[in-house]
Amino acid sequence: LDGIDGRTHYAEISANAGPAPIGSLVGIEPARAELRPADRKIDEIARANGGAYSIDLHLAHDRSASEEFARAHVRRLEALRRDGGFVKREPDGTWRIPNDYLDKALEHEGAAARAAPVRVQLLAMLDLEQQAAMQAPTWLDAQLRGETALEVANHGYGRDVRDALARRQQWLIAQGLAIVRGDQVEYRADMDEVLRQREVRIAAARLSRQLGLPFAEMAAGERVTGICRRRLDLSSGSYALLENSKEFTLVPWRPVLERQLGREVSGIVRGSGTISWTFGRQRSGPEIGM
């Protein structure tokens, strides 16, 4: 690991540490047998909803939470399902959380700590050069806003990070997403959302040329209908490509859509950007809020 502290680090990792492509940004920390904040939040929401957890339930329970924040909790549950098997995902995408979830999650962390001395977290797939002028939310943006307190050296890889931060800051100012006030730089509150929309539109323009169809942006209150063609992974998140005879749209990906690939789906877009899905051609069937 070429560290932001300017040093080179070596760490023994387990075979199932997860993907960490060359050039990507990762965080490495000692594995500890302790509950994660995400586990406590999942348990809190499940206890308030009869043992159920989903992104919609999370957003309804905590109005200050973002959808990406809730998605991180789903990724935690996916990892626990693969490794421990004590959480279950229903066909509609809702998770069933047992009453002793915290005890079992702690046991899982203990077993993981014994199996691997360190925990590897993928922070960004793209390298610094790509992030500096990217039309999407980036790891550099979070550092510029001071969301994490990191000490960046002025030599080695630390110098590379400092240079990339300076280039990213100037790029954001040129894009009108940040302004200079005296000796301070202020970032727009909706900066991440603006960048997310730009990334989606750029991807949609590329898909439009490939498919020969116009792109239709989803809007709150509207119905989206089409064949669920595939999953599209972008820096700002994962999306499902829905295509019909006239146009296509991109909607937030949900695990429940895995079983609908190649099939017709329909749903109503909610104000929060989530969608109440109806699967199959029977429009009178039950809706699945995801």
Side-chain angles (χ1 to χ4, degrees), residues 1-32 34 36-38 66 68-69 71-72 75-76 112-113 116-203 206 233-238:
L1 178 70
D2 205 359
I4 64 174
D5 59 0
R7 303 176 181 178
T8 299
H9 302 264
Y10 296 87
E12 181 182 352
I13 60 175
S14 65
N16 61 350
I22 301 299
S24 61
L25 278 85
V26 299
I28 295 182
E29 63 181 5
R32 299 182 179 91
E34 60 185 17
R36 302 186 189 186
S66 67
E68 177 55 34
F69 182 70
R71 277 203 295 262
R75 290 194 292 271
R76 167 63 171 166
V118 297
R119 178 183 297 154
V120 181
Q121 179 185 10
L122 181 63
L123 302 176
M125 289 286 290
L126 302 178
D127 61 28
L128 296 175
E129 190 66 31
Q130 293 172 296
Q131 289 187 56
M134 187 174 185
Q135 295 279 12
T138 70
W139 176 84
L140 293 173
D141 300 338
Q143 311 318 307
L144 288 170
R145 289 191 297 252
E147 295 179 3
T148 54
L150 298 177
E151 294 186 9
V152 183
N154 202 22
H155 59 277
Y157 188 67
R159 164 73 72 169
D160 295 341
V161 172
R162 286 177 177 267
D163 290 344
L165 287 168
R167 293 198 305 274
R168 181 62 172 179
Q169 186 177 76
Q170 290 303 311
W171 185 87
L172 291 170
I173 292 171
Q175 294 288 315
L177 296 171
I179 59 174
V180 180
R181 294 189 187 277
D183 59 351
Q184 299 292 321
V185 177
E186 297 180 3
Y187 302 93
R188 282 177 48 173
D190 63 345
M191 184 175 79
D192 280 358
E193 179 59 22
V194 170
L195 288 169
R196 185 195 67 78
Q197 291 178 357
R198 289 184 184 180
E199 185 187 28
V200 169
R201 288 167 183 163
I202 290 171
R206 182 179 67 252
D233 294 318
L234 304 178
S235 295
S236 57
S238 298

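Counting heavy atoms from C-beta outward, T8 and D2 have side chains that approach closer than 4.5 Å.
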(message) If you apply the rule side-chain contact (heavy atoms from CB on, under 4.5 Å), what do you find for L122 with S24, and how did you get there?
(response) CA-CA 8 Å; L122 181 63; S24 61; 3.8 Å; yes

(request) Quick one: do D192 and R145 satisfy side-chain contact (heavy atoms from CB on, under 4.5 Å)? Show the steps, please. (result) CA-CA 11 Å; D192 280 358; R145 289 191 297 252; 3.1 Å; yes

(request) Show the numbers, then the answer: is there a side-chain contact (heavy atoms from CB on, under 4.5 Å) between Q131 and L25? (result) CA-CA 11 Å; Q131 289 187 56; L25 278 85; 3.5 Å; yes

(request) Begin with the C-alpha distance, continue with both residues' side-chain angles, and end with the deciding distance and a verdict on side-chain contact (heavy atoms from CB on, under 4.5 Å) for H9 and I28. (result) CA-CA 10 Å; H9 302 264; I28 295 182; over 6 Å; no

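Between E199 and R196 no salt bridge is recorded (no basic side-chain N to carboxylate O distance below 4.0 Å).
Between atom CZ of residue R168 and atom CG of residue D141 there is a gap of 4.0 Å, rounded to the nearest 0.5 Å. We find the OG1-CG distance between T138 and L172 to be 7.5 Å, quoted to the nearest 0.5 Å. Here the CD atom belonging to Q130 is positioned 11.5 Å from the CG atom belonging to L140, to the nearest 0.5 angstrom. Residue L234 holds its CG atom at 13.0 Å from CD of Q135, rounded to the nearest 0.5 Å. Distance check: R167 CZ to Q169 CD gives 12.5 Å after rounding to the nearest 0.5 Å. Taken to the nearest 0.5 Å, the CH2 atom of W139 stands 6.5 Å off from the CG atom of L128.
Among residues two or more places apart in sequence or in another chain, the side-chain contact (heavy atoms from CB on, under 4.5 Å) test is passed with R36 by D39, R76, E109, R119. By the side-chain hydrogen bond (donor to acceptor under 3.5 Å, both in side chains) test, Q175 pairs with R198, sequence neighbours left out. With sequence neighbours excluded, the residues forming a side-chain contact (heavy atoms from CB on, under 4.5 Å) with N154 are R159, R162, listed by chain and number.
A donor-acceptor pair under 3.5 Å is absent between the side-chain atoms of E151 and the main chain of D5, judged by distance alone.
Summarising the geometry of Y187 relative to A178, their closest heavy-atom pair is CD2-CB, 3.5 Å, with the distance given to 0.1 Å. For P137 against S236, the heavy-atom pair with the smallest separation is CD-CB, 3.9 Å.
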